[in-house]
Amino acid sequence: ITIADLTKEAYDRVDKLDDDVQAFLALNKEKATATAAELDKVPFEERGPLFGLPIGVKDNIVTEGLETTCASKILQGFNPIYDATVVNKLREAGMVTIGKLNMDEFAMGSSNENSAYKTTKNPWALDRVPGGSSGASAAAVAAGEVPFSLGSDTGGSIRQPASYCGVVGMKPTYGRVSRFGLVAFASSLDQIGPITRNVTDNALLLEAISGLDPHDSTSADVEVPNFAAALTGDVKGLRIAVPKEYLGEGVSEAVRQSVLDALKVLENLGATWEEVSLPHSKYALATYYILSSSEASSNLSRFDGIRYGFRAENVQNLMELYKETRSQGFGDEVKRRIMLGTYSLSAGTYDAYYKKAQQVRTLIKEDYDKVLADYDVIVGPTAPTPAFKIGENVEDPLTMYANDILTIPINLAGVPAISIPCGFENGLPLGLQIIGNYFDESTIYRVAHAYE
Ligand code: GLN
């Protein structure tokens, strides 16, 4: 089989399935076909493990000459003049970018219903959401349109969709992967990560995209291990912490049971587990929405109608141009966050909201530090329930926000976490979340692989 065949096969799958799944916003067919022909000339001895394999990329990661919209009207027609660092790394690994994947607008949401273009469907049940914001990144992999994708995770956006779609999604340690070329939502929380069908693929892809980048001062100067080498199957003596806050109120009985069953499997393999407490978890949602919205209000100020994409017409002066462009270009959820963030950062409210939230963030991080000093990993569910119905939560932002209650604290702490499939509720997949220590994705992969 040639890379040209593989690439064509991916587009055939997209042709066949995407009318139903609605995952892709843009396809890269001409360029991908040309790339594949070039890759076919490379001698076998020079090919790495991901060489020639197709991948889909979330639409908030910039791709040179390929429209990048963040699923927002305000970026309609924006063709970046450079590739994100991760996209360069995919190229170095010999991967073929098939196209750009739908998302919630600017990665704000949990269902893909906040896309300005379309709502991606969950391949397991087309009347259900795929999760979000990297919903299409998970759905495209689950449907078999592409075997690999990249998502981004600010408060759960890789893990929650992975859980809803029955695939493997990793949010790496903050700083593990360069954010250069990732359109910023909340810069202190955002991380790019891999979504795949199994743990081995995930480990290989994370290795390929990781590493220090001079273009991103928050990328970390730490060694990138051969993550796949950690997949030994051996978890004897491993110490697992199970936070009681993760199996409490709001978590469905089937979800709870699936986690307890997974712990049994790991116990049978020689691991032990104990209940612990992360007492500040109850403040995580409020803290996250203050901090992420504050950062978003600042990050999104660059979309002014002058520099990128869409520009409002029939305006009389510059102020009106800004105002009209932003009023017409941003969707409701994005506006809601900009207002919340601007308010939290204002002189009169800064101390009560933004500063307070920063202090609570430290307490949440310390909860994780304490537990991870005594245990190798923390295990719990990824989401409190399986995928909900399209339309079910759109009128109710607070219920929508509560979906990420189990993933958000991990971003606030900055530690890595994976979601892997661990069972079903009414035929819909559930996810097991495994959380590790800073830059110790290897242990997470080892546990995930042993369980898988
Ligand atoms: N659903 C959360 C939000 O709406 C998380 C999004 C994300 O991780 N990008 O902010």
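For clarity, every value in this text was computed on a predicted model and none was experimentally measured. All values below come from the heavy atoms of this structure, side chains included, with hydrogens, waters and symmetry mates left out. When a ligand or atom number is given, it counts from 1 through the structure's own listing order.
Checked options Val377, Ile378, Leu247, Val276; the residue passing with Val242 is Leu247 (criterion: side chain to side chain contact (heavy atoms under 4.5 Å, CB included)).
Ion pairing between Lys100 and Asp59 holds under the 4.0 Å rule for side-chain N and carboxylate O.
For Tyr343, the ring-ring contact (aromatic ring centres under 6.0 Å, His included) partners two or more places apart in sequence, or in a different chain, are Tyr353.
Under the 30°/60° scheme for interplanar angles, the aromatic rings of Tyr308 and Phe303 are found to be tilted.
Two rings, from Tyr174 and Phe439, have their centers 6.0 Å or more apart.
The side-chain heavy atoms of Glu295 and Ser188, taken from C-beta on, include a pair separated by under 4.5 Å.
Near ligand 1, residues Ala107, Met108, Gly109, Ser110, Ser133, Asp153, Thr154, Gly155, Gly156, Ser157, Phe185, Tyr288, Tyr289, Arg337, Asp404 each place a heavy atom inside the 4.0 Å sphere around the ligand atoms.
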